[in-house]
Amino acid sequence: MSTVTTIERFILEHQPDFARGELTQLLYDIALAAKIIAHKTNRAGLVDILGEIGATNVQGEKQQKLDVYAHDIMVQLCEHTGRLCVMLSEEQEEIIPIPARYEKGSYVLVFDPLDGSSNIDVNVSIGTIFGIYRCLEDERRGRLEDVLQPGRNLVAAGYVLYGASTMLVYSTGQGVHGFTLNPEYGEFLLSHPNLRLPKPPAYYSVNAAYYSRWSPGVQRFLDWLEGKEDDSPSVSARYIGSLVADFHRNLLRGGIFCYPAEQKRKDGKLRLVYEAAPLAFLIEQAGGYASDGRRPILDITPTHPHQRVALYLGNRSLVERVEAFIRQEDEQ
Ligand code: AHM
Ligand code: MG
């Protein structure tokens, strides 16, 4: 019989030396939240039958939007454990302090509880993204500075993909490992150990409808990807419009995900702290690279918790190429 490795066993056996069990337990809390969110999102197609989101159900309760539900689950499962000093979520403007009645821990959790939630109505995959930092000062309760750390300080990051199967993929800086939820007994099982970005890359992913809004350097890069230059790579296009799903496919097949800045605004759509930085951490762990077009995503120190950033991530050869096109544009 082949060995089955549960996520609990894998996390315990592979915890980094510094973790002392706390980080292990925090990852397990997140895995539990993922199972609860997966259960709810799997029933999303039934809202027409069970009642509209935002409407009042038969018990007289308001149906919650799924992204708010996912946010609440993450907070409920993580705030009381004594493992965190502060949290940040896409769903809440301010940082989320740990209530004074609970013990304070030494980690910071940043997360996008349900990314791509506009895709729920059309039954397209969505995901949760998370990043974990250490608190800057152990004696204090969390502050804004704790969530404004550069991605290089991440001690762990990961995502959950609610797709045909539910998958949890994470790294603590010792490679990237993927687990698939077995719905029969509700446990994540190791299915993708030591994920490495394949070479040559297979895909590029970008919303090309915005081509006219990009700077000339970015447009030239897109022309290059599309095969218009002699040295163009042999890559095919795939774009779901759901960051976790696009990232996951490219991680397994090789490729680049792009969300360029608009020429007028100078930033992108995606959020640095809880979208770009955790995925940049994972892609570097898988042998790839992430950039805003000019510098590594992991080197950017955020100035605002919900700051947006241009994002290129995937195989290093492709990401460095967009940096070269943008550099040429800057020098002109
Ligand atoms: P959201 O945080 O409002 O869900 O938006 C993020 C999503 C990502 O999942 C995806 O990569 C991107 O928005 C798609 O944007 P667009 O529709 O502009 O291509
Ligand atoms: Mg999002």
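Note: hydrogens, waters and symmetry copies are ignored here, and every other heavy atom, side chains too, is used. We count ligands from 1, going down the list as the structure has it; atoms in each ligand are counted the same way.
Interface atoms of ligand 1 facing E275, defined by a heavy-atom separation under 4.0 Å, are 2 (O). Listed by number with element, the atoms of ligand 1 under 4.0 angstrom from any heavy atom of S242 are 9 (O). Below 4.0 Å from some heavy atom of G241 lie the following atoms of ligand 1, by number and element: 9 (O), 10 (C), 14 (C). Applying the 4.0 Å criterion to heavy atoms of N207 picks out, from ligand 1, the atoms 16 (P), 18 (O), 19 (O). Close approach to E90 involves these atoms of ligand 1, each under 4.0 Å from a residue heavy atom: 2 (O). Taking a cut-off of under 4.0 Å to the non-hydrogen atoms of Y210, the atoms of ligand 1 that pass are 16 (P), 18 (O). Below 4.0 Å from some heavy atom of F257 lie the following atoms of ligand 1, by number and element: 11 (O).
Checked against a 3.5 angstrom limit, the closest N/O atoms of L243 and ligand 1 fall inside it. Considering backbone and side-chain atoms together, L114 places no N or O closer than 3.5 Å to any N or O of ligand 1.
Within D112, the N, O or S atom at minimum distance from the Mg ion (ligand 2) carries the name OD2. Among the heteroatoms counted here (N, O or S) of D115, OD1 is the one nearest to the Mg ion (ligand 2). Restricting E275 to its N/O/S atoms, the shortest distance to the Mg ion (ligand 2) is reached by OE2. The atom name of the N/O/S atom in E90 closest to the Mg ion (ligand 2) is OE1.
In plain terms, the two heavy atoms of G158 and L282 that are nearest each other are CA-CD1, 3.8 Å. Across Q149 and V108, no two heavy atoms sit closer than the pair NE2-CG2, 4.4 Å. Closest heavy-atom contact between P216 and Q263: CD-NE2, 3.6 Å. Residues P113 and H71 share a closest heavy-atom pair of CB-N, 3.4 Å.
The protein heavy atom nearest to atom 14 (C) of ligand 1 is Y239 OH, 3.3 Å. Counting protein heavy atoms only, atom 18 (O) of ligand 1 is closest to Y259 OH, 2.5 Å. Scanning the protein for heavy atoms near atom 15 (O) of ligand 1, the closest one is K269 NZ, 3.0 Å. Ranking protein heavy atoms by distance to atom 9 (O) of ligand 1, first place goes to D115 OD2, 2.5 Å. Atom 4 (O) of ligand 1 has G116 N, 2.8 Å as its closest protein atom, hydrogens excluded (heavy atom only).
Hydrophobic cluster membership differs between L168 and L252, with clusters built from Ile, Leu, Val, Met, Phe, Trp and Tyr side chains linked at under 4.5 angstrom.
Other residues, nucleotides and ligands contribute over 12 non-hydrogen atoms within 6.0 Å of the NE2 atom of H306. Within 6.0 Å of CD on E103 lie no more than 12 heavy atoms contributed by other residues, nucleotides or ligands. Remark: R253 CZ is loosely packed, at most 12 non-hydrogen atoms of other residues, nucleotides or ligands lying under 6.0 Å away.
The existence of a salt bridge linking R265 and D267 is confirmed by a sub-4.0 Å separation between a basic side-chain nitrogen and an acidic carboxylate oxygen. We find that R152 and E284 are joined by a salt bridge, their nearest charged nitrogen and carboxylate oxygen being less than 4.0 Å apart. Ion pairing of R295 with E323 is absent here, as no side-chain N (NZ or NE/NH1/NH2) approaches a carboxylate O to less than 4.0 Å. The pair D223-K228 meets the salt-bridge criterion, with a side-chain N (NZ, NE, NH1 or NH2) lying under 4.0 Å from an Asp/Glu carboxylate O.
Within the structure, the closest approach of R271 to ligand 1 does not fall below 4.0 Å when heavy atoms are considered.
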